[in-house]
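What follows is a short report on a single structure.
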Amino acid sequence: MKKELIMILAGAVAVAGCNSTPQLTEKNIDKVIKAMTLEEKALLVTGIGMDTGSEGMAATVGASAQRVPGAAGATHAIPRLGIPSIVLSDGPAGVRINPTREGDDNTYYCTHFPIGTLLSSTWNQELVEEVGESMGNEVLEYGCDVLLAPALNIHRNPLNGRNFEYYSEDPVLSGKIAAAYVRGIQSNGVGTSIKHFVANNQETNRTAVDEKISDRAMREIYLKGFEIAVKESDPWTIMTSYNKINGIYTSEDHALLEDILRDDWGYKGTVMTDWYGGKDAIAQVHAGNDMLQPGRPSQYNDIIDGVKNGTLDEAELDRNVKRILQLIVRTPIFKNYAYSNKPDLEAHAKVTRQSAVEGMVLLENKNATLPLAAEAKNVAVFGNTSYDFIAGGTGSGNVNRAYTVSLLDGLSNAGLQADANLQKMYEEYLAKIAKEAASVDGDLFSFLPKPLPAEFVPAAKDIAAAAAANDVAIITFGRISGEFVDRTVADFNLSAKEKQLVNDVTKAFHAAGKKVIVVLNIGGVIETASWKNTPDAILLSWQAGQEGGNSVADVLTGKENPSGRLPMTWPVAFEDHKSSENFPRSETFELNLNAFMGIEQVAGDKKDFDWTKYEEGIYVGYRWFDKSGIQVSYPFGYGLSYTTFEYSTPEVAKEGDKVCVKLSVKNTGAVAGKEVVQLYVSAPGKTLDKPVKELKAFAKTATIAAGESADVTLCFNVNDLASWNEETSAWELENGTYTISLGSSCLNILTNAELAI
């Protein structure tokens, strides 16, 4: 009897063991999935929703009520299975969370790092990785798990409202910079989400526009940067874009997400939607878009109903759940990391100041106007933006920072004195404009770029007085852009008042034998050809983050030698871009708030609104200008220095599929500096339509002392020279002799070599 009782108890324990609820670990993910109910699976693949409470909100920048207030979103926790909620935070220029919290006297500021166009202008992968390390530390210490960045869509056209977040018109530069950013962030044990996959190249009607793109352009231009980033940095997640491509939403495109991303490139991570992206939850799950953010009740219900009625294979749902669980077990929250809420913001401010310096581009410098002479102490500061410096763009790319160093503060910190009379005039004018400006309420409007005030032009007598009293003049022109709307052609060009200002100031200061410097505090390309020869120097400072004023002063005074190079072409006129024939003029389309509130719109047939045809194909940016022979204002890769460089004859070595080019770079000037060596390749062009040349590798030297040299090695894979054959759906490599060109821009080639394939 006793033996029989023991056997019964042992059997009961065995049954209990079989039925016990597993707790998630790195090694039992499949077991946990088997233990999950259908409802739990549906919860996990849909986010926790926005605190707006709106079922139908479309593409918005929001905040979820969770352990990190102000973060963009989170996943559902399933406590019974040991599955925690992970937090997803914007954005590309730094962590975007709320600085204040209800019932909490502390502040939670984050560092506003330089915008994407500035980071790419450094052409310095090591520096960008360092920026990423600092940014990732703030992700970690503020209790977030994944940063929704970087953004690396191609600069197809200068008017895209989000170009400031993106890197370049070239996929190699975009992919390499993004990979460095990802490596830096993820070195902290937190994740990234490279976005927006793929071709998020316009903000106008971004949630519905159908982009008609050739397979070759997709493979060689729009996908290539993502491919590089995936293979060189292994991002934890990828975010799909809002738009359709050839009739299919990217988040619903099985060929894009499974065949290309996972099968061709070998990607193993998680894919999520952009917030409220796509329309059909069943199609998204089937396509391999694992996570639907921020999550809506209708998506949850559709997934459950789809499995029950057979329109969705539960095996596909399980596949997506597994990828999300594989993400969760990598996160700090799963590993019980005790975040401090106290990252070293002071140290990170130093990082952003230095990184901003290295991405600033010296566009003009007649007669060595810069750096400023030591005796130049009194500065006449013109331009509205000089007094209201712009740290970065708006929308999810913005950062709630503690401060922004103004240009005036930066000049003062460098020992320069701004003209007090001018300062008073500008501050009174800007205060008056701010008082008169109509206030617009609502969360959405708070994320739209606010129009900058019309440029103030002082009276001729006041400009003359400033010329008499000061050693030099600085004029700052600003631009602001962000999500939801594209820039206008008027925003691309200088206004009549801006042109008047630069003309009037230059005339007065030149009459007094003094110099004029223009600083461009902008996020994207503007027109320069019509006025660039008027002032003596032009410094493109971009939007340099919270230390912007200090970084500009470092360059103006010669504390730092500018080494930034343009990551995109600056045309003479907007219309010179081939894509301008097929890009929305946002000023001609009404800003329709119904689109943002998720109200379905009747499908239309408006060119560049409902659909946009990429007629330029692979001829984007410098590829088009090279092919067409159209003159540019500043070419891709361009930038001046306070010193000069000389290249040695290159040596080319090919081993297997790898090609390496070695050369020496000598500083032939009088001051130390850094050089960006750019490697372009020209194909034989006998059987394939190929660009004149394409960037295939680049490297930035360390600081080279005057008279000293540095050895540089640049490598690429032979397969990088192939083109996509649309007829065979395969990469094709042309035989023959390729020309390798090395230079300081795509138009300033300093030496060549040949490569036989």
Side-chain angles (χ1 to χ4, degrees), residues 36-66 70-78 83 85-90 146 148 193 195-197 200 205-208 237-244 248-253 257 270-309 311-312 314 316-317 320-321 323-324 327 396 442-444 447 483-484 592-601:
M36 294 177 75
T37 66
L38 175 57
E39 290 74 15
E40 287 171 335
K41 294 174 185 178
L43 272 181
L44 194 63
V45 300
T46 55
I48 66 172
M50 307 291 276
D51 62 5
T52 58
S54 171
E55 156 66 19
M57 284 195 72
T60 57
V61 180
S64 298
Q66 59 220 358
T75 62
H76 284 278
I78 305 177
I83 301 173
S85 170
I86 64 171
V87 174
L88 317 171
S89 173
D90 290 323
V146 176
L148 304 175
S193 189
K195 61 183 186 180
H196 308 88
F197 190 63
N200 194 157
N205 197 32
R206 63 178 181 171
T207 58
T237 78
I238 290 175
M239 183 190 294
T240 49
S241 56
Y242 287 124
N243 50 281
K244 300 173 187 174
I248 305 174
Y249 278 110
T250 59
S251 61
E252 301 173 9
D253 191 338
L257 302 184
T270 304
V271 175
M272 70 176 77
T273 63
D274 203 340
W275 268 227
Y276 301 103
K279 296 294 181 185
D280 186 336
I282 300 296
Q284 289 171 318
V285 172
H286 168 71
N289 197 119
D290 309 306
M291 189 189 300
L292 311 185
Q293 284 290 349
R296 290 176 284 186
S298 60
Q299 294 171 322
Y300 168 82
N301 292 329
D302 287 348
I303 290 168
I304 291 174
D305 292 344
V307 172
K308 289 181 177 179
N309 65 29
T311 57
L312 175 62
E314 190 167 4
E316 292 181 332
L317 179 60
N320 294 9
V321 167
R323 291 170 182 158
I324 295 172
L327 166 66
S396 62
D443 290 339
L444 175 65
F447 292 103
E483 287 196 70
F484 306 117
N592 191 337
L593 295 182
N594 286 340
F596 301 144
M597 299 308 295
I599 300 171
E600 289 290 339
Q601 299 181 54

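Residue numbers count from 1 along this sequence.
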Would you say that [X] contacts [Y] through its side chain, given a criterion of any heavy-atom pair below 4.5 Å between the two side chains?
| X | Y | value |
| --- | --- | --- |
| Val45 | Asp290 | no |
| Met239 | Trp275 | yes |
| Gln293 | Thr75 | yes |
| Ile324 | Ile86 | no |

query: Hey, are Thr250 and Ser241 close enough side-chain-wise for a donor-acceptor pair under 3.5 Å?
result: yes

Donor-acceptor contact below 3.5 Å, side chain Gln299 vs main chain Gly47: no

message: Check whether His76 reaches the backbone of Ser85 with its side chain - one donor and one acceptor, N or O, closer than 3.5 Å.
response: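 No, the answer is negative, given that no donor and acceptor are paired below the 3.5 Å cut-off.
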
- request: Show your reasoning for whether salt bridge (charged side-chain N to carboxylate O under 4.0 Å, His left out) applies to Lys279 and Glu252.
  value: CA-CA 8 Å; Lys279 296 294 181 185; Glu252 301 173 9; over 6 Å; no

field: Sequence-distant partners of Asp274, side-chain hydrogen bond (donor to acceptor under 3.5 Å, both in side chains), two or more places apart
entry: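 For Asp274 the side-chain hydrogen bond (donor to acceptor under 3.5 Å, both in side chains) partners, ignoring immediate neighbours, are Tyr242.
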
How long is the gap from [atom1] on [X] to [atom2] on [Y], to the nearest 0.5 Å?
| X | Y | atom1 | atom2 | result |
| --- | --- | --- | --- | --- |
| Ile304 | Glu314 | CD1 | CD | 10.5 Å |
| Asp280 | Thr311 | CG | OG1 | 9.0 Å |
| Arg206 | Phe484 | CZ | CZ | 5.0 Å |
| Thr270 | Asn320 | OG1 | CG | 9.0 Å |
| Glu40 | Ile78 | CD | CD1 | 5.0 Å |

message: Quick one, Leu88 with Thr237, criterion side-chain contact (heavy atoms from CB on, under 4.5 Å). Give me CA distance, side-chain angles, the key distance, then yes/no.
response: CA-CA 11 Å; Leu88 317 171; Thr237 78; over 6 Å; no

Restricting to non-hydrogen atoms, name the atom on [X] and the atom on [Y] that form the minimum distance, rounded to 0.1 Å.
| X | Y | value |
| --- | --- | --- |
| Gly288 | Val271 | O-CB, 3.8 Å |
| Leu148 | Lys195 | O-NZ, 2.9 Å |
| Ala42 | Ile303 | CB-CG2, 4.1 Å |
| Asn243 | Asn200 | OD1-CA, 3.6 Å |
| Leu44 | Ile83 | CD1-CG2, 4.2 Å |
| Thr240 | Thr273 | OG1-CA, 3.3 Å |

- prompt: Does the side-chain contact (heavy atoms from CB on, under 4.5 Å) test come out yes or no for Leu327 and Val146, once each step is laid out?
  reply: CA-CA 10 Å; Leu327 166 66; Val146 176; 4.3 Å; yes

message: As a test of understanding, state which of Leu43, Leu292, Asp305 forms a side-chain contact (heavy atoms from CB on, under 4.5 Å) with Tyr300.
response: Leu43

- request: For Leu38 and Lys308, run side-chain contact (heavy atoms from CB on, under 4.5 Å): C-alpha distance rounded to whole Å, both residues' side-chain angles, the deciding distance at 0.1 Å, then the answer.
  value: CA-CA 9 Å; Leu38 175 57; Lys308 289 181 177 179; 4.1 Å; yes

message: If the condition is side chain to side chain contact (heavy atoms under 4.5 Å, CB included), which residues does Lys244 pass it with, not counting sequence neighbours?
response: Asp210, Tyr249

